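Below you'll find the structure, written out as structure tokens, and then a few comments.
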Amino acid sequence: MATSPLPTATASASKKRRSRGGTLALDEVKKLGTELLSSRSHLNHAPALLALLSPTAPLDLALEALISLQSFFVPLIPSIPSASAAANAGDAGSDPELVFGAWLRQRFDELVAALVELSVSPHSDDAIRDVALDALMDFVKLGKDGKFHSAIYHKFLYAVVHAADPVDMLLELLVSKYFKYTDIRYFTYTSLDKIANSLGSKTTGSGKDALQNGSDESKNRSSIFIHNIYNLLAHVPLMDFQKESTFDMWSTVGLSSKGENDSSKDTSTYINKKLKLKFTKAWLSFLKLPLPLDVYKEVLASIHQNVIPSMSNPSILCDFLTRSYDIGGVISVMALSGLFILMTQHGLEYPKFYEKLYALLTPAVFMAKHRSVFLQLLDTCLKSSYLPAYLAAAFAKRLSRLALSVPPAGALIIIALIHNLLRRHPSVNFLVHWEVDESDSNATREASQSKKIGSDPFNQNDADPAKSGAMRSSLWEIDTLRHHYSSAVSRFVVSLEEDLTVRAKTTEMKITDFSSGSYATVFRDEVRRRIKQVPLAFYRTTPTSLFLGSDFPGWTFGDQHNSTVETTVEGNGKVEAVGASDSTPSKRLRMET
């Protein structure tokens with residue numbers, strides 16, 4: 001076996017060359033790279049070139065050094081020993097090949113660390129970041145025997161998650177170049193699962209309590225890490241597991257299947273199963289972290305579209321969603337979408353679902369950011385024909401009471417919701433018009449007790465719809481909307497005058513047409529509405545002055561340029577003289593005849 005020349009540069013020489021790195025000219029850097037690639041006798045040029053791989057180094061020097069080092073290490077990757085083998089090479093110092101392998105391993109690790117820093121650092125130029133990321137992903141691609149080098153990729157993602165500055169530019173590069181490959185998605189989920197579990201273990205036990213009791217600096221740092229994990233998960237494109245049968249791989253081998261002779265269909269099914277499993281694990285590990293409020297809201301707003309359809313077993317999210325739904329307020333409103341999908345499509349049982357939904361109906365929900373989705377889901381949840389009459393009545397009554405305090409756009413939505421409720425559940429139409437048979441003394445006595453003048457048996461403060469007393473009340477609030485200050489509301493409420501029990505003659509209203517309404521949309525519709533033009537006043541002849549004599553008996557309005565005095569004789573024999581020298585009416589001068 002031929003002996004390879006060993007690096008002969010001493011530590012002091014290496015430091016000297018590193019210190020010269022900032023003053024090297026471009027021609028010198030090119031010469032160092034050319035000599036490094038030409039012979040092993042110039043291996044000591046590698047540390048000098050590595051010293052130039054810094055976000056603060058001159059761009060042209062850093063690019064030239066990066067290209068030279070990449071060209072040097074790519075053909076040597078199969079011969080680079082593992083970290084454990086390189087660590088044991090010191091025991092066999094007499095073998096030059098082992099020593100060279102250990103040295104090569106150390107320099108390669110330094111190169112990978114430099115490429116990660118160039119990719120993640122906010123001080124890196126866009127050009128060097130792009131080239132550094134490409135070089136790093138090439139090393140990931142050229143793993144041992146063509147396999148995906150997951151260790152290098154994990155180091156890269158670990159640095160991205162723990163970056164203190166925004167990594168938006170880097171995420172855009174990953175999405176445009178690499179996240180389209182299936183094996184990169186797979187190992188992205190694998191690494192994020194490990195990182196999230198490691199971050200969660202640092203919170204010791206309850207997680208949220210540990211972070212809340214920690215210092216402000218540690219909480220801010222953990223919040224940044226969680227934001228970065230979420231941004232990575234959210235930027236990985238979702239796969240359509242029903243339609244996707246072919247997969248693009250970044251590495252040569254890709255994701256290993258069960259056997260080489262498996263059919264393409266079996267391989268596709270196997271890859272789908274593995275990818276779903278990693279996707280599920282990554283999201284579950286992430287959702288166990290103490291999420292900041294803004295991330296919590298973003299997750300709840302998109303979990304029904306971006307997470308649940310791609311999970312191997314969506315029902316395992318029931319704890320997270322039910323816990324979120326029980327919090328109340330805006331969080332409960334946003335958790336409703338995911339919880340509704342689990343109930344309708346995955347068999348989740350939630351006995352107090354309608355009680356929680358009933359409690360969410362407050363004036364604040366009609367001004368929430370995600371009110372559109374919530375109101376559409378509310379209409380869908382109340383669509384079932386198996387809904388008990390007391391529940392339908394309670395929701396209709398609570399909505400009608402809210403119509404008195406919400407903005408005009410909210411009142412329009414409420415009218416549409418009540419319209420659909422009354423049409424779907426004819427058993428509660430008595431709320432619109434309550435009649436009492438006067439001949440029935442018992443009915444008259446009961447009505448007099450429960451429907452006193454000025455009182456309403458409905459208790460809006462009771463969170464239990466069964467105890468709210470809605471079945472003994474009426475929708476009198478809807479009648480008051482006839483006199484609403486917004487003409488759009490007063491016109492729209494007329495739709496409830498129809499006999500909604502006759503389903504053949506009526507149609508359901510689309511809540512989507514109203515759910516995004518606001519003051520701006522109401523004003524815009526009113527401005528665009530065409531109205532019939534009518535005269536505001538009638539005159540037999542065209543008026544010549546602003547006021548008529550009959551409007552102000554005893555007063556005369558003359559021309560301001562006419563200085564003559566006008567006289568007016570009244571029927572009682574008095575003579576009036578009016579001065580008209582100015583534009584204001586003069587006081588009457590009364591003279592007895």
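For clarity, every value in this text was computed on a predicted model and none was experimentally measured. Side chains are part of it too, since the values below use all heavy atoms of this structure and drop only hydrogens, waters and symmetry mates.
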Is atom NZ of Lys177 surrounded by more than 12 heavy atoms (other residues, nucleotides or ligands) closer than 6.0 Å?
yes
Gln460: side chain to side chain contact (heavy atoms under 4.5 Å, CB included) partners, not counting sequence neighbours
Arg401, Phe458
Electrostatic pair Arg129-Asp126, nearest N-O below 4.0 angstrom
yes
His162 side chain vs Tyr158 backbone, donor-acceptor pair below 3.5 Å
yes
Here the gap from Met311 atom CE to Leu277 atom CG, rounded to the nearest 0.5 Å, amounts to 10.0 Å
May I ask you to decide if Ala163's main-chain N or O and Asn228's side chain share a donor-acceptor pair within less than 3.5 Å?
yes
Could you go through the side chain to side chain donor-acceptor pair (under 3.5 Å) check for Ser372 and Gln376 one step at a time?
CA-CA 6 Å; Ser372 176; Gln376 294 174 39; 3.0 Å; yes
Identified ring-ring contact (aromatic ring centres under 6.0 Å, His included) counterpart of Phe187 within the set Trp250, Phe148, Tyr181
Phe148
Side chain to side chain contact (heavy atoms under 4.5 Å, CB included) assessment of Thr269 paired with Lys273
CA-CA 6 Å; Thr269 303; Lys273 185 178 180 180; 5.6 Å; no
So, the side chain of His484 versus the backbone of Ser486: is there a donor-acceptor pair under 3.5 Å, distance only?
yes
Any side-chain heavy-atom pair of Leu317 and His346 under 4.5 Å:
no
Nearest 0.5 angstrom please: Lys467 NZ to Asp462 CG, how far?
6.5 Å
In Lys383, His419, Arg424, the residue satisfying side chain to side chain donor-acceptor pair (under 3.5 Å) with Glu508 is Arg424
Grab the two heavy atoms, one from Ala389 and one from Met471, that are nearest each other, plus how far apart they are.
O-SD, 3.9 Å
Looking only at side chains, do Thr188 and Tyr153 share a donor and an acceptor under 3.5 Å apart?
yes
Between Leu289 and Ala196, the two heavy atoms sitting closest are CD2-O, 3.5 Å
Enter the distance from Leu375:CG to Thr380:OG1 here, rounded to the nearest 0.5 Å.
10.5 Å
Does some side-chain heavy atom of Phe279 sit less than 4.5 Å from a side-chain heavy atom of Leu238?
yes
Asp183 (side chain) donor-acceptor with Met249 (main chain) under 3.5 angstrom:
no
Can you find a heavy atom in the side chain of Leu336 that is under 4.5 Å from one in the side chain of Phe353?
yes
Any heavy-atom pair between the side chains of Leu496 and Val432 that's under 4.5 Å?
no
Could you check whether any side-chain heavy atom of Met137 comes within less than 4.5 Å of a side-chain heavy atom of Leu133, counting everything from C-beta outward?
yes
Taking the side chain as every heavy atom from C-beta outward, state whether Leu361 and Phe374 have any atom pair closer than 4.5 Å.
yes
Carboxylate-amine/guanidinium proximity below 4.0 Å for Asp326 and Lys352:
no
Looking only at non-hydrogen atoms, find the nearest pair between Glu477 and Ser474 and report the distance.
OE1-O, 3.7 Å
For Phe492 and Ser495, which heavy atoms make the closest approach, and how far apart are they?
O-OG, 2.8 Å
Would a 4.5 Å heavy-atom cut-off, applied to side chains only, mark Asn313 and Thr280 as touching?
no
Does the side chain of Ser285 come under 3.5 Å of the side chain of Asn197 through a donor N or O and an acceptor N or O?
yes
Report yes or no: does Ser310 contribute a side-chain atom to a donor-acceptor pair with the main-chain N or O of Asn306 at less than 3.5 Å?
no
Please lay out, stage by stage, how Leu287 and Val299 fare under the test side chain to side chain contact (heavy atoms under 4.5 Å, CB included).
CA-CA 9 Å; Leu287 294 178; Val299 170; 3.8 Å; yes
Checking Ser302 side chain against Glu298 main chain: does a donor-acceptor pair fall under 3.5 Å?
yes
Side chain to side chain contact (heavy atoms under 4.5 Å, CB included), that's the test. Do Leu275 and Tyr189 meet it? Break it down for me.
CA-CA 8 Å; Leu275 196 58; Tyr189 294 137; 4.2 Å; yes
Rounded distance (nearest 0.5 Å) linking atom CG of Leu174 with atom CG of Leu232
7.5 Å
Once rounded to the nearest 0.5 Å, what's the spacing between atom CD1 of Ile308 and atom CG of Leu342?
4.5 Å
Where is the tightest heavy-atom contact between Leu360 and Val365, given as atom of each residue plus distance?
O-CB, 3.9 Å
Determine the interplanar angle of the Tyr230 and Phe286 rings, folded into 0 to 90°, and report it as parallel if under 30°, tilted if 30 to 60°, perpendicular if over 60°.
parallel
Looking only at heavy atoms, what is the nearest atom pair of Leu421 and Ala392, with distance?
CD1-O, 4.1 Å
Do Tyr354 side-chain atoms and Cys381 backbone N/O form a donor-acceptor pair below 3.5 Å?
yes
Check for a donor-acceptor pair, side chain of Arg398 on one end and backbone N or O of Phe395 on the other, with a separation under 3.5 Å.
no
Do any N or O atoms from the side chain of His154 and from the backbone of Ser150 form a donor-acceptor pair under 3.5 angstrom?
no
For Ser473 and Ala470, indicate whether the former's side chain and the latter's backbone hold a donor-acceptor pair under 3.5 Å.
no
Does the side chain to side chain contact (heavy atoms under 4.5 Å, CB included) test come out yes or no for Ile341 and Leu348, once each step is laid out?
CA-CA 9 Å; Ile341 290 179; Leu348 174 66; over 6 Å; no
From Tyr325 atom OH to Ser337 atom OG, the distance as rounded to the nearest 0.5 Å
10.5 Å
Quick one: are Ser119 and Phe156 in side-chain contact, heavy atoms under 4.5 Å?
yes
